[in-house]
Number of protein chains: 2
Amino acid sequence: MEETPARLTSKPSWLLTQLAVHAHRMASDGFGEVGARGYHYRLLAALHEFGAASQAELGRRSAMDRSDVVAAINQLVERGFVERTPDPDDRRRNIVALTPAGDAQLRRMDRALDKVQDDLLGPLTAEDRQTLTRLLTRLLAHHRNR
Amino acid sequence: MEETPARLTSKPSWLLTQLAVHAHRMASDGFGEVGARGYHYRLLAALHEFGAASQAELGRRSAMDRSDVVAAINQLVERGFVERTPDPDDRRRNIVALTPAGDAQLRRMDRALDKVQDDLLGPLTAEDRQTLTRLLTRLLAHHRNR
DNA sequence: GGTCGTTTGTTGGCTGCGCCAACGTTGGTT
DNA sequence: AACCAACGTTGGCGCAGCCAACAAACGACC
């Protein structure tokens, strides 16, 4: 059983990034079962919660680069999960809207993700889970605004 | 100020991966100042803590793929931070050893990383930091072996 | 009106990290 | 001798994050 250097295991940044690798892999597996990836989920979630929006706005809400939004929306359009129409009021923009099929896909991904959360937090008590979530939320909010 | 969907912000896997992005970026910036990356730090740390080892063993200790170890060691050799010599007792293996220059580089990266931890945990009290570290360690240990 | 700066969509590219398949060489087992 | 396992190496893939550039369109200002 090979050991990991204490220099690494003692550093929160190491714990965080390594655990994120596991979380990411689990989520990817879940998404993969419905033929999707993380970017798709973020966009569908933003559309469902805030309604139709331009690509730039979607990017901001989903913490994605504009260029990555283009590619992901292309794929979602191709599958009929989303509709892209030019904005008549601002000809620079596209309006992206969720379709019923997209809504169904979002629910499928939701179910897959819920399972992931449970696997991820496996050995933690309900109280510990809450504590962890609270701490992570605080930190993320702090760094979100640089 | 654009909002992020609650579907995302409520999921530990989202908090974890997004916060990991920040942590990774901060660490990358720190490492970048001494012209290195995460892989280099992992290898140097393993060498310093456990002594000279074969590449395969280093990979296991640093949670890296064999092929990625090859490339990273090449770069460390090129900079004189590490020496690679054939193992006379097992001609399949190379013995990788830390040089004094490598040790100095490790210390430089250590200092950069310490700063990162502080920035990362910025708004947390000492007690909260300890709690977070404890929870993350528990989770990582759980997923490491399965 | 015309000019300037900004926003938007899009293309193309780059980096880090994790991972996998294949191959030849070498060791250990039987 | 035959087999399987481990090692180093090459080459390649996927996801996520990011940046630069461009043309088109918008807004504000004089």
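Numbered from 1 within each chain, the chains take letters A, B, ... in sequence-line order.
Judged as a salt bridge (charged side-chain N to carboxylate O under 4.0 Å, His left out), and not counting sequence neighbours, B/Arg37 has no contacts. Residues satisfying the side chain to side chain contact (heavy atoms under 4.5 Å, CB included) test with A/Glu49, not counting sequence neighbours, are B/Pro5, B/Ala6. The side-chain hydrogen bond (donor to acceptor under 3.5 Å, both in side chains) check on B/Gln55 picks up B/Arg84, B/Asn94, with sequence neighbours excluded. For B/Asp119, the side chain to side chain contact (heavy atoms under 4.5 Å, CB included) partners two or more places apart in sequence, or in a different chain, are B/Met26. By the side-chain hydrogen bond (donor to acceptor under 3.5 Å, both in side chains) test, A/Arg92 is found to be paired with A/Asp90, residues two or more places apart in sequence or in another chain being considered.
Residues of residues 90-99 of chain A having a heavy atom closer than 4.0 Å to DNA chain C, listed by number: A/Arg92, A/Arg93, A/Asn94. Contacts between residues 81-89 of chain A and DNA chain D, counted as heavy-atom distances below 4.0 Å, involve no residue at all.
The distance between atom CZ of A/Arg66 and atom C1' of D/dA20, rounded to the nearest whole Å, is 10 Å.
Heavy-atom contacts of chain B under 4.0 Å fall on DNA chain C between two terminal nucleotides, which in 5' to 3' order are C/dG16 to C/dG27.
Residues in residues 97-108 of chain B take part in these side chain to side chain donor-acceptor pair (under 3.5 Å) pairs, two or more places apart or across chains: B/Asp103-B/Arg107, B/Gln105-B/Arg108. For residues 132-142 of chain B, the set of pairs meeting the side chain to side chain donor-acceptor pair (under 3.5 Å) definition, not counting sequence neighbours, comprises A/Asp128-B/Arg138. Residue pairs meeting the ring pair (Phe, Tyr, Trp, His ring centres under 6.0 Å) criterion with at least one partner in residues 44-93 of chain B, sequence neighbours excluded, do not occur; the list is empty.
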For this session: Quick one, give me the B/S/- string for nucleotides 12-17 of chain D, reading 5' to 3', where B means a protein heavy atom under 4.0 Å from the base and S means that only happens at the primed atoms, P, OP1 or OP2.
Result: ---SSB
